[in-house]
Protein chains: 4
Amino acid sequence: MKTRDMVIHASLELFNEHGERTITTNHIAAHLGISPGNLYYHFANKQDIIQEIFSLFEKHINENIKPSEEKEFHAGSMMAYLDAAFVALWKFRFFYVNLHDILLKDDQLKKRYLKLQQSTTHSISQILQQMVNAGLLCIPAEDVERLADTIRILMGSWIGHKLVQSNQKEIKPSELFDGVSRMILIIKPYATEASSAMFSQMESRYQSLIAEDGAALNAI
Amino acid sequence: MKTRDMVIHASLELFNEHGERTITTNHIAAHLGISPGNLYYHFANKQDIIQEIFSLFEKHINENIKPSEEKEFHAGSMMAYLDAAFVALWKFRFFYVNLHDILLKDDQLKKRYLKLQQSTTHSISQILQQMVNAGLLCIPAEDVERLADTIRILMGSWIGHKLVQSNQKEIKPSELFDGVSRMILIIKPYATEASSAMFSQMESRYQSLIAEDGAALNAI
Amino acid sequence: MKTRDMVIHASLELFNEHGERTITTNHIAAHLGISPGNLYYHFANKQDIIQEIFSLFEKHINENIKPSEEKEFHAGSMMAYLDAAFVALWKFRFFYVNLHDILLKDDQLKKRYLKLQQSTTHSISQILQQMVNAGLLCIPAEDVERLADTIRILMGSWIGHKLVQSNQKEIKPSELFDGVSRMILIIKPYATEASSAMFSQMESRYQSLIAEDGAALNAI
Amino acid sequence: MKTRDMVIHASLELFNEHGERTITTNHIAAHLGISPGNLYYHFANKQDIIQEIFSLFEKHINENIKPSEEKEFHAGSMMAYLDAAFVALWKFRFFYVNLHDILLKDDQLKKRYLKLQQSTTHSISQILQQMVNAGLLCIPAEDVERLADTIRILMGSWIGHKLVQSNQKEIKPSELFDGVSRMILIIKPYATEASSAMFSQMESRYQSLIAEDGAALNAI
DNA sequence: CATGAATGAGCTTTCATTCAT
DNA sequence: TATGAATGAAAGCTCATTCAT
């Protein structure tokens, strides 16, 4: 791997584990066994590294998280979306955990973040609307977008809260599943008769995953 | 006011406005026109100040935010609770905005925070249960606590997200009301026939407050 | 002496001896046996120190270098002025030797410098005019100011050039006198019959001082 | 053009425009679109580049600035000399503006500089002596060399002072002419009756050039 | 209670220079 | 000849904290 990429990945790793505030550029360089000068040969400054991590985040999302494009709605597509979303949040958790501080110093990054936010809300809206169209949900038309936005906010804060609650630095996959199940909890009351069985199935699937504390996501 | 209290209040103010990361102990002392030595006479270190602010937060919550103790449920009691909660979050917003960093270095504070969290979730559970008992909500018994917890998380992150989204440092009261209305959005689908009118009323009340961009909370 | 003043004087000394470019704030602190933090407790940054040295320079000039206010011109007053001026330039030589670099980064200081320059030119003009009025010089009216300005420039660059020419870091007082004698050289050709004797005297005085390589200024 | 020469010329250009202190070897390489390694293949270090620029300076002077070799003195020859000298100073201005710093670290260059200085003073002496011989100036024999040296110093500092005084990075040709006119101002009082008309002519020529702010030197 | 000077480790960043290819 | 990644010492500066008074 090229030094530049090594820096990006090491930074992500260290930021995630110890927080962006704690990790200095010297820490990163030392961790990789390179000189601080070399790090600054590849990046203009610390923010620049963060921006590059954010680019990785955007790429990850574009490649892994897209609402299904099929006309017919499959129950699995929502689950797939949520699973993927929580994995993404976990992989880039330092960002969400320090959102305010990071965006405070970097207007450009803030703009990129807000754009991503918008498109995320849009994706969630789309999924909800698909489900409405399929007769699986019954949401007042004027509430769809606000609901989608609320779900997005909740997703973004979920990992931060889990991280605070558990004393370990590592999060267990089951805790991610718990996040997903909260989203389902929010959506479920809008279920129609046609879909309530499906939601029950989904819930029990996640409950058992949580119970198993499964090693399913170990490969993350 | 005693120096000790002045430090606490000034710190809260400065942390809220500029972020805990930005505000140094010297800033606080200079802002008050006292010496750094004096500040450290009253506090062991910066964390100590934050702990005291947290005490203030606890006190504020205990005094202002309690689920109604009446047996019968009044629609107003939920609104009162939510209003008060969002005002509290706004008053101590720096804390929620930097939650992770602050708790990372301070295990004792973390414990206090987790305790407060628990009791908050409990309060929300209680309110939900009261409403269930009053026939206003229909929530599966096994979901009440998880729903309450989810609402709490959402509340805790609301202000952080608003702060990121709006470019101003100040938040408008209407934005707090928007937060409340999101909570209602989450609860509303559980409404029974008996209460749907009430929820509609509540919603329209907040929508108009948001529209007014009311000066109602100016006295905060 | 207060730390603040110690820093100013040590900086002046070190800048003069090794050049402003070479001397870092850490050098200054180490030289005084104080911590870098302490230095920055007293000064906002390196430029701030330089500004304070410049204030010292202004003060030195205001206190020591003023054209005589007497109506009648005494030969001694010009000599006194020139002597004092060259001593001042010597004392603050680092500034003139790095003029361009120093002013490039500091617009405020540049303004102060330009102001001082103006008043210096004005002082020299005044002296020349006094001598014209006293019938000691014969300078076309339209040339007085340009001549004064030229003399000022020459004075400002004299020490720089001497410093380059001599290999030692120290300058000998005789070299300052050489500077003065150059000024006299510039003015002398404008002498009238009435004053040519006086100029001869002045010249021979400085020639003998230069020859002596006198210890006269050792007390500087 | 060979890489080596490209580096020399680009460095001269960048040093002149932004100052030697500001321009790094990496700037130079980037400006030329070559690698820093390549630059260091051609030059041992930064000083080496400066030395080469100085060689260019010497060459420029030898080719363009020589006192007329004719026995008889023409008024034009002094003007030609001064014009050429100021153009040379402008072309290599970074050197004079940072003289002290540059020579401080490089004894070899210092020796070369001192040699050039001597020969310059000699040239000016020669011109003055020619004019004395031609009965155009009346300078005491013992003053000729000191006067020449003084003129040289003044010339060397002229551009530095203009650069400080004007806020622009560019100097106007008229400002160079102003420099020349100062030299004439220094020499003029030594004029004999036979030459005073000539000096008046020269002065008015430069005054009008200054007034015109002429584009005459645009081809520099 | 209060002052304010002082500490010092450590931060981000720079830049002349080197060296394997 | 040329590349460009890499070095590393050192720069200016910060800030939570200490301590003599």
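Residue numbers begin at 1 in each chain, while the letters A, B, ... track the order of the sequences.
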Side chain to side chain contact (heavy atoms under 4.5 Å, CB included) evaluation trace for B:T25 with B:F43: CA-CA 10 Å; B:T25 50; B:F43 297 89; over 6 Å; no
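The CG-C1' distance, from C:L39 to F:dA11, rounds to 13 Å in whole Å. Rounded to an integer number of Å, the gap from D:I28 CD1 to E:dA16 P is 8 Å. Counting to the nearest Å, the C1' atom of E:dT12 and the NZ atom of A:K105 are 11 Å from each other. In this structure, A:I34 places its CD1 atom 19 Å from P of F:dG4, rounding to the nearest Å. Counting to the nearest Å, the P atom of F:dA5 and the CE atom of A:M1 are 16 Å from each other.
Side chains of A:N38 and A:L32 form no contact here, defined as non-hydrogen atoms less than 4.5 Å apart. Annotation: side chain of B:L56 is in contact with side chain of B:H9 (closest heavy-atom distance under 4.5 Å). Taking the side chain as every heavy atom from C-beta outward, A:W90 and A:L163 approach each other to under 4.5 Å. A heavy-atom distance below 4.5 Å is not found between the side chains of B:I53 and B:F95. When side chains are defined from C-beta on, A:T22 does not count as touching A:L14, because their heavy atoms never get closer than 4.5 Å.
Heavy-atom distances under 4.0 Å link DNA chain F to D:T3 of residues 2-14 of chain D, given in residue order.
Between D:R21 and C:E20, at least one side-chain N (NZ, or NE/NH1/NH2) sits under 4.0 Å from a carboxylate O, which counts as a salt bridge.
Under the 30°/60° scheme for interplanar angles, the aromatic rings of D:F57 and D:Y96 are found to stand perpendicular.
Comparing D:G33 and A:H42 by the nucleotide of DNA chain F that holds the closest heavy atom to each, the one mapping nearer the 5' end is D:G33.
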Nucleotide pairing, DNA chain E (Watson-Crick or G-U, distances under 3.5 Å), in dot-bracket with [ ] and |: .||||||||||||||||||||
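For B:Q47, the CD atom is densely surrounded, since the number of other residues' heavy atoms within 6.0 Å is greater than 12. Under a cut-off of 6.0 angstrom, the local environment of NZ in B:K105 is crowded, with over 12 non-hydrogen atoms contributed by other residues, nucleotides or ligands.
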Base versus backbone protein contacts along nucleotides 14-21 of chain F [heavy-atom cut-off under 4.0 Å; B, S, -]: BBBBBB--
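In this model, the phosphate group of F:dT7 is approached by a side-chain N or O of A:S35 to a distance below 4.0 Å at OP1 or OP2.
For the pair D:R112 and D:F54, the NZ or CZ position fails the cation-pi test of under 6.0 Å to the six-membered ring centre and within 45 degrees of the ring normal.
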